[in-house]
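As the structure lists them, so they are numbered: ligands from 1, and atoms in each ligand from 1. No hydrogens, no waters, no symmetry mates; every other heavy atom, side chains included, goes into these values.
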Amino acid sequence: MRIDLHSHSTASDGVLTPSELLARAAEKEVDVLALTDHDTVAGLAEAAVAASKHGVRLINGVEISCTWEALEIHVVGLNIDPTHKSLEQLLTEQQEKREARARLMAERLEKAHFVGGYEGAKAIAGDAPITRSHMAKWLMSQGAADSMGKIFKKYLSRGNTGYVPPTWCTVAEAIQTIQAAGGVAVLAHPTRYDLSNKWIRKVLSAFAEQGGDAMEVSMAQQSPQERATLGQWSKDYQLAASVGSDFHYPSQWRELGRQLWLPKEATPIWTRFI
Ligand code: AMP
Ligand code: MN
Ligand code: MN
Ligand code: MN
């Protein structure tokens, strides 16, 4: 069975609509797909219709941005009830924070002589909550740099002109709210926070202590060594293991459902809901 429990659509910063995403999942022979947009569940209704059309099992998901020790940590909620009131409330607050942050980012970018960032990013985001990806795409259109990577490095990452320190909810709030909505809380991509192993272990330990259920062990573009280490850590911290491409757009590097096997010592999270 091919399973992918982390993906994005145009409801956040992905480039495929939920329908297009599910069509691609079917084409790539994915049996189970979780749509986990940033701080929104707005794509799930359309995804559900497309999933039944294509014979793909859809898992309702969300990826919540959190603050922990001044770091930005992402927590994925899987098998959530998207209509649950406290989840809805938390996501509304997160979306308001995204809106305020986008305005602040734009103000800061004006100092670097990029005028109109809020309107620009908003036009690209459409109905989606504004992410740094949208701001980056607008900066590209203004000729700020020729790749997303360079834009993030130069303008949007910690310490740069357009960076606004986050005010996201705490990891504990995200875990509690996801679980209240009937879901499981998964620490997203532990190796993608630019942290030393010592700090990744601290994050995992805190996440487990606060009642988190699982951590992502298998991701796209990952070395066998990294996967093995994460498998071992999932055992050490008694967290179940999840798998996810974090697909945002078609490319040769990251594909839905591709090579997401788990090391044998890891305990899959999906047996709790599949
Ligand atoms: P936000 O949640 O608004 O802070 O936006 C973060 C999003 O920006 C991530 O989910 C990625 O999709 C994207 N992102 C982060 N870093 C980079 C990067 N170096 N290059 C391209 N996209 C990035
Ligand atoms: Mn993203
Ligand atoms: Mn993420
Ligand atoms: Mn993601």
Side-chain angles (χ1 to χ4, degrees), residues 3-18 21 24-25 30 33-44 47 59-68 71-78 80 91 94-95 97-98 101-102 105 121 124-140 147-149 151-152 156-158 163 166 168-169 171 174-175 178 183-195 200 203-204 207 212 214-222 230 242-251 253-258 260 269:
I3 299 175
D4 189 337
L5 301 176
H6 189 153
S7 70
H8 296 274
S9 75
T10 47
S12 68
D13 61 351
V15 308
L16 302 185
T17 63
L21 184 75
R24 190 176 183 92
V30 173
L33 181 76
L35 175 58
T36 55
D37 276 311
H38 297 287
D39 297 311
T40 180
V41 292
L44 295 177
I59 303 299
N60 284 330
V62 66
E63 180 174 16
I64 302 180
S65 291
C66 304
T67 320
W68 183 80
L71 298 171
E72 286 190 57
I73 300 294
H74 293 178
V75 177
V76 164
L78 297 175
I80 46 160
L91 297 181
Q94 294 279 105
Q95 288 162 19
K97 287 171 179 176
R98 285 192 170 277
R101 182 185 65 155
M105 279 198 284
I124 293 168
D127 292 332
I130 304 175
T131 68
R132 280 185 292 167
S133 307
H134 299 113
M135 193 59 83
K137 281 180 189 164
W138 175 76
L139 281 166
M140 283 259 273
S147 78
M148 293 284 275
I151 301 246
F152 268 86
L156 299 179
S157 51
R158 206 166 359 161
Y163 184 73
W168 308 129
C169 67
V171 168
I175 294 172
I178 287 164
V184 295
V186 182
L187 183 81
H189 44 63
T191 48
R192 302 225 171 104
Y193 299 112
D194 210 10
L195 297 174
I200 297 175
V203 174
L204 293 174
F207 186 74
M215 58 183 273
E216 287 183 348
V217 166
S218 296
M219 292 166 267
Q221 294 169 282
Q222 182 181 44
L230 288 170
S242 190
V243 298
S245 62
D246 203 2
F247 180 91
H248 282 73
Y249 51 86
S251 79
W253 311 114
R254 232 178 249 207
E255 189 51 78
L256 288 168
R258 191 203 279 163
L260 293 175
I269 184 68

Review point. What angle, in degrees and rounded to 10°, do you get at the Mn ion (ligand 4) when you join it to NE2 of His6 and to OD1 of Asp246?
Key: 80°

Practice item. Could you label the plane-to-plane angle of the His8 and His38 rings as parallel, tilted or perpendicular, counting under 30° as parallel and over 60° as perpendicular? Key: parallel

**Study point:** His74 atom (N/O/S) at minimal separation from the Mn ion (ligand 3)
**Key:** ND1

Practice item. With rounding to the nearest 0.5 Å, note down the distance linking CD in Gln95 to CZ in Arg98. Key: 9.0 Å

Practice item. Look up atom CD in Gln94 and atom OG1 in Thr40, then write down how far apart they are to the nearest 0.5 Å. Key: 11.5 Å

**Study point:** Apex the Mn ion (ligand 3) - arms OE2 from Glu63 and NE2 from His189 - angle rounded to 10°
**Key:** 100°

Exercise for review: Measure the OG1-CG distance between Thr10 and Leu21 for me, rounded to the nearest 0.5 Å.
Suggested key: 9.0 Å

Review point. Has His38 got an N/O/S atom less than 2.8 Å from the Mn ion (ligand 3)?
Key: no

Exercise for review: Would you give the angle at the Mn ion (ligand 2) between Asp13 atom OD2 and His248 atom NE2, to the nearest 10°?
Suggested key: 110°

**Study point:** His8 near the Mn ion (ligand 4): N/O/S under 2.8 Å
**Key:** yes

**Study point:** Side-chain H-bond candidate by donor/acceptor type, His189 with Gln222, under 3.5 Å
**Key:** no

